[in-house]
There are 2 protein chains.
Amino acid sequence: MEDIPETGTDPLFDSLRKRGHRITAQRETILQIFKEQESGHHLSAEELHAKLLERGGNVSLATAYRTLKLLSSLGLLRELDFAEGHKHYELKQDTLPHQHIICTGCNTTLEFEDHFLEEAGQKIGARYNFEVIDAQFKIFGLCPNCKTGKSSKGR
Amino acid sequence: MEDIPETGTDPLFDSLRKRGHRITAQRETILQIFKEQESGHHLSAEELHAKLLERGGNVSLATAYRTLKLLSSLGLLRELDFAEGHKHYELKQDTLPHQHIICTGCNTTLEFEDHFLEEAGQKIGARYNFEVIDAQFKIFGLCPNCKTGKSSKGR
DNA sequence: TTTCGTGCAAACCATTTGCAGCAGC
DNA sequence: GCTGCTGCAAATGGTTTGCACGAAA
């Protein structure tokens with residue numbers, strides 16, 4: 001059900017090669033982990049590192065960070081910032097365009113699709129003569145739970 | 001042309017008092033600085049601190065951070081995260097709803113109004129039963145300048 | 001007077017970087 | 001073999017916090 005593409009044909013690897021980057025075991029594993037995530041699921045550097053350690057390989061946190069940065073700069077990953085102190089990343093390829101609602105109470109995030117927002121981003125970018133890389137719509141608010149239990153937040 | 005409201009009547013001060021916070025000289029100055037910013041202009045903690053020092057008072061960076069956090073939590077400031085490693089803040093009051101385009105090349109930000117996006121945020125939030133605090137639409141891309149001069153970014 | 005707010009410096013935490021050794025090509 | 005990649009540990013940079021003092025109410 002889950003056929004893993006040959007190293008030679010994977011478009012992600014091709015993107016790396018094309019720009020003169022090497023295919024290392026670490027990078028393969030990291031890409032593999034991202035591919036295994038459910039669509040719309042994003043990982044922080046720490047989370048990625050934890051998953052790397054689970055697999056037994058000893059990939060350092062530094063490499064995780066370096067790879068996330070590299071893949072983002074190549075446009076293979078989408079960098080998400082939910083204003084909670086660290087970034088999250090998700091595969092850009094074949095992900096349906098989606099946006100996020102973030103609960104500032106419990107940091108839960110919800111994804112929702114909205115192709116209209118995609119278009120809007122492109123259109124507005126064009127209006128200002130920008131080359132649009134990514135349009136991110138974030139709705140910050142309180143989820144149903146946190147909305148109710150508000151009182152418990154002493155601070 | 002620029003009449004500064006009396007301490008007693010300022011709605012910002014009232015918001016503080018109402019929740020049991022004290023009006024200190026530091027907070028007054030900080031609010032004053034934000035009021036003096038052009039609409040749509042945002043400040044980082046460091047920038048705010050620099051402006052505080054310019055005024056001669058010796059407000060510490062720690063207080064700047066504490067105050068920014070407090071004012072944001074009270075909903076008086078809008079917290080903006082442009083994924084450049086530090087946050088920016090702007091007065092929420094009387095600011096026309098606006099969104100941002102960020103150049104990932106030179107970090108320039110451009111504001112644009114779009115009431116449609118405001119509505120969209122509210123509507124989508126409502127769909128998920130969220131209490132919407134702020135909807136932020138960010139378009140990351142390359143500005144006309146950086147689009148052209150791309151080659152100069154060796155790394 | 002009581003309690004909150006502040007300055008200072010140390011602590012934190014996410015992320016980056018210098019360096020020497022190892023691996024891709 | 002050359003050069004880029006990695007692990008390690010130290011450095012960085014933004015932000016937070018403990019503490020004792022000073023100031024708002």
Side-chain angles (χ1 to χ4, degrees), chain A residues 7-8 10 12-31 42-50 52-53 55-74 77 79-89 107 154-155, chain B residues 7-8 10 12-31 42-50 52-53 55-74 76-77 79-89 104 107 154-155:
Chain A
T7 302
D10 191 313
L12 293 176
F13 290 160
D14 287 346
S15 297
L16 282 169
R17 283 205 201 81
K18 202 177 306 172
R19 310 244 205 143
H21 299 289
R22 294 176 180 172
I23 312 296
T24 63
Q26 291 87 334
R27 291 177 179 170
E28 285 189 48
T29 314
I30 290 173
L31 282 170
H42 32 77
L43 297 174
S44 68
E46 296 280 359
E47 287 165 346
L48 170 63
H49 187 230
L52 284 165
L53 295 185
R55 313 220 161 188
N58 68 326
V59 179
S60 70
L61 229 198
T63 294
Y65 275 108
R66 279 190 276 236
T67 306
L68 289 172
K69 198 177 201 180
L70 173 68
L71 297 179
S72 300
S73 78
L74 294 179
L77 292 181
E79 190 181 86
L80 301 168
D81 204 319
F82 299 137
E84 20 158 4
H86 54 263
K87 293 172 183 167
H88 285 242
Y89 299 83
N107 280 331
R155 208 216 207 260
Chain B
T7 302
D10 191 315
L12 293 176
F13 290 160
D14 287 345
S15 298
L16 281 171
R17 283 205 201 81
K18 204 176 306 172
R19 310 242 205 144
H21 299 290
R22 295 177 181 174
I23 312 296
T24 63
Q26 291 87 334
R27 290 175 180 171
E28 285 188 47
T29 314
I30 289 173
L31 283 170
H42 31 78
L43 297 174
S44 68
E46 296 279 358
E47 286 165 347
L48 171 62
H49 188 229
L52 284 165
L53 294 185
R55 313 222 161 187
N58 68 325
V59 179
S60 70
L61 230 197
T63 294
Y65 276 108
R66 280 190 276 234
T67 306
L68 289 171
K69 198 176 201 180
L70 173 67
L71 298 178
S72 300
S73 76
L74 294 179
L76 304 182
L77 292 180
E79 190 181 86
L80 301 168
D81 204 321
F82 299 138
E84 20 160 2
H86 54 264
K87 293 172 183 167
H88 286 243
Y89 299 83
T104 57
N107 280 330
R155 214 220 181 241

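Every chain is numbered from 1, with letters handed out A, B, ... down the list of sequences. Only a predicted model underlies this, so the values are computations on that prediction, with no experimental measurement involved.
Counting heavy atoms from C-beta outward, B:Leu68 and B:Lys87 have side chains that stay 4.5 Å or more apart. Under the 4.5 Å side-chain criterion, counting only non-hydrogen atoms from C-beta, A:Leu70 is in contact with A:Leu16. Looking only at side-chain heavy atoms (C-beta outward), B:Leu31 and B:Leu71 come within less than 4.5 Å of each other. Contact of the A:Glu28 side chain with the A:Phe13 side chain is registered, since non-hydrogen atoms from C-beta on lie closer than 4.5 Å.
As a whole-Å value, the separation of A:Glu28 CD from D:dT6 C1' is 15 Å. Distance CG (A:Asp81) to C1' (D:dG14): 13 Å, rounded to an integer number of Å. Here the P atom of nucleotide C:dC25 and the CZ atom of A:Phe13 are 10 Å apart, to the nearest Å. The nearest whole Å value for the distance from the CG atom in B:Leu16 to the C1' atom in C:dC4 is 13 Å. As rounded to whole Å, 14 Å separates atom P of D:dT16 from atom NE2 of B:His86. Look at CG on A:Asn58: it is 9 Å from C1' on D:dT6, rounded to the nearest Å. Here C:dG5 presents its P atom at 11 Å from CG of B:Leu74, a figure rounded to the nearest Å. In this structure, B:Ile23 places its CD1 atom 16 Å from C1' of C:dT3, rounding to the nearest Å.
Looking at B:Arg27, its side chain does come within 3.5 Å of a backbone N or O of B:Arg22 through a donor-acceptor pair.
Evaluation of atom-type donor-acceptor distances gives no pair under 3.5 Å for the side chain of A:Arg22 against the base of D:dC5. One cannot find a donor-acceptor pair under 3.5 Å joining the base of C:dT6 and the side-chain atoms of B:Arg66.
Within the 4.0 Å cut-off from OP1 or OP2 of D:dG4, not a single side-chain nitrogen or oxygen of A:His21 is found. Contact annotation: A:Gln26 side-chain N/O to D:dG7 OP1/OP2 distance is under 4.0 Å. Applying the 4.0 Å criterion to OP1 and OP2 of C:dT15, one finds that A:Lys69 has every side-chain N and O outside that range. Within the structure, every side-chain polar atom (N or O) of B:Tyr65 is placed at least 4.0 Å from both OP1 and OP2 of D:dT16.
Position along DNA chain D of the nearest nucleotide to B:Ala45 versus A:Leu61 favours A:Leu61 as the more 5'-ward residue. Positionally, the nearest nucleotide of DNA chain C for A:Glu46 lies more toward the 5' end than for the other of A:Ala62 and A:Glu46.
Residue B:Arg27 has its side chain nearest to C:dT6 when only D:dT15, C:dT6, C:dC25 are considered. For B:Thr24, the side-chain atoms get nearest to C:dT6 when compared with the rest of C:dG7, C:dT6, D:dT15.
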